[in-house]
Amino acid sequence: MSRITIHNLNVRRGHKRAVDDFSLTLETGRITALLGPNGAGKSSLVLALAGVLPIESGSVEIDGKALAGKAPEVIRAAGLAAVPEGHRVLSGLSVLDNLLAAGFGHSRVEADRAVADVFAIFPELAERKAQLAGSMSGGQQQMLALGQALVARPKFILADEMSLGLSPLIVKRLMGVIVKLAEQGTGILLIEQFTHIALKVASEASVMSRGRLTFSGAPATLLEEPEILHRAYLAQ
Ligand SMILES: Nc1ncnc2c1ncn2[C@@H]1O[C@H](COP(=O)(O)OP(=O)(O)OP(=O)(O)O)[C@@H](O)[C@H]1O
């Protein structure tokens with residue numbers, strides 16, 4: 001089992017502290033839902049963990065190895081892959097080239113193998129491998145964004161608002177893949193505006209409000225005591 005330990009993390013955005021003294025542990029094979037209102041700092045947390053936003057203070061470790069302050073490609077090679085909000089794919093490149101571009105750390109043989117594994121998970125992408133990514137539907141682009149993360153064969157995936165703007169059918173498809181990945185041993189941080197979707201599949205749940213962790217516990221507790229989430233939304 002692998003573990004990501006986030007300890008007293010602080011991240012600034014402009015004059016504001018977007019992530020405030022935030023601590024959380026993620027484990028492989030488990031889905032941790034991270035819920036909270038707009039502006040709570042969830043995306044900032046993901047970007048900081050991925051090495052895209054600078055960390056002001058605090059630590060991030062994967063199995064005891066320090067990740068805070070490291071370059072995004074070092075963090076990715078250590079086993080952490082982020083799927084940022086808004087399915088950011090390279091729209092002028094084909095589906096295949098998007099996936100190959102995501103396999104930059106691999107040899108060509110290994111990249112081809114990783115891409116073949118993504119196509120096995122998403123036959124929808126295999127059928128469209130020569131199509132320009134920007135001409136696909138939002139749902140297909142989201143599959144590609146997740147596929148790009150999977151090419152790195154990560155131990156952990158940070159999935160930010162995957163279901164935003166997508167049809168219930170596509171969301172169900174994506175959540176099915178997330179659950180399967182967790183069953184196969186990947187650790188998932190699942191950020192969702194649709195709390196019921198996340199709580200259905202999660203083994204752990206956390207709530208973030210104004211940069212801080214305000215709840216951490218069983219998903220069932222948030223379903224039984226909805227006022228915990230209501231308070232977080234009112235506080236923002
Ligand atoms: N590009 C930016 N520049 C400066 N401040 C930003 C930027 N993006 C977000 N912020 C601020 O950082 C804080 C945290 O926002 P963040 O986007 O991380 O929250 P979130 O929980 O992911 O919300 P959302 O679901 O709306 O993305 C907010 O106060 C927000 O105004």
Side-chain angles (χ1 to χ4, degrees), residues 4 6-26 31-60 67-72 75-76 80-89 138-139 141-142 145-146 148-149 154 156-168 170-171 174-175 178 187-202 204-217 219 222 226-236:
I4 289 182
I6 305 163
H7 190 62
N8 295 131
L9 196 71
N10 289 291
V11 179
R12 256 183 200 289
R13 288 195 106 166
H15 297 300
K16 259 183 157 174
R17 188 169 271 179
V19 176
D20 189 359
D21 221 15
F22 190 94
S23 300
L24 188 68
T25 300
L26 306 175
I31 301 176
T32 302
L34 179 61
L35 310 174
N38 286 333
K42 306 178 301 294
S43 300
S44 302
L45 174 70
V46 166
L47 295 174
L49 293 176
V52 178
L53 273 183
I55 286 170
E56 186 186 12
S57 61
S59 66
V60 182
L67 293 185
K70 297 275 194 289
I75 291 173
R76 208 173 133 90
L80 186 156
V83 184
E85 196 175 347
H87 45 79
R88 290 178 211 163
V89 296
Q141 289 189 34
Q142 188 63 76
L146 180 54
Q148 286 179 307
F156 292 91
I157 291 179
L158 315 180
D160 194 1
E161 303 278 9
M162 281 208 316
S163 62
L164 205 67
L166 302 181
S167 72
I170 297 283
V171 173
L174 287 166
M175 287 305 141
I178 289 289
I188 313 270
L189 182 69
L190 188 62
I191 296 177
E192 273 299 328
Q193 280 298 331
F194 300 112
T195 55
H196 60 285
I197 294 174
L199 292 176
K200 214 157 89 184
V201 299
E204 252 88 41
S206 297
V207 178
M208 193 174 190
S209 174
R210 304 174 80 173
R212 300 188 78 103
L213 184 74
T214 57
F215 171 86
S216 194
L222 289 183
E227 61 276 12
I228 296 173
L229 262 173
H230 291 164
R231 268 201 301 273
Y233 278 78
L234 287 175
Q236 191 65 36

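Numbering of ligands and ligand atoms starts at 1, following listing order.
Every residue two or more places apart in sequence or in another chain that forms a side chain to side chain donor-acceptor pair (under 3.5 Å) with Ser57 is listed here: Asn10. Qualifying salt bridge (charged side-chain N to carboxylate O under 4.0 Å, His left out) partners for Arg212, counting only residues two or more places apart in sequence or in other chains: Asp20. Residues that satisfy the side chain to side chain donor-acceptor pair (under 3.5 Å) test with Arg12, not counting sequence neighbours, are Glu56.
Contact between Ala18 and Arg13 at its shortest, heavy atoms only, is CB-CG, 3.9 Å.
Checking side-chain atoms of Lys42 against main-chain N and O of Pro37 turns up a donor-acceptor pair under 3.5 Å.
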| message | If you apply the rule side chain to side chain donor-acceptor pair (under 3.5 Å), what do you find for Ser163 with Glu192, and how did you get there? | response | CA-CA 7 Å; Ser163 62; Glu192 273 299 328; 2.5 Å; yes
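Listed as neighbours of ligand 1 are Arg13, Lys16, Ala18, Pro37, Asn38, Gly39, Ala40, Gly41, Lys42, Ser43, Ser44, Glu85, Glu161, Gln193, each bearing a heavy atom under 4.0 Å from the ligand.
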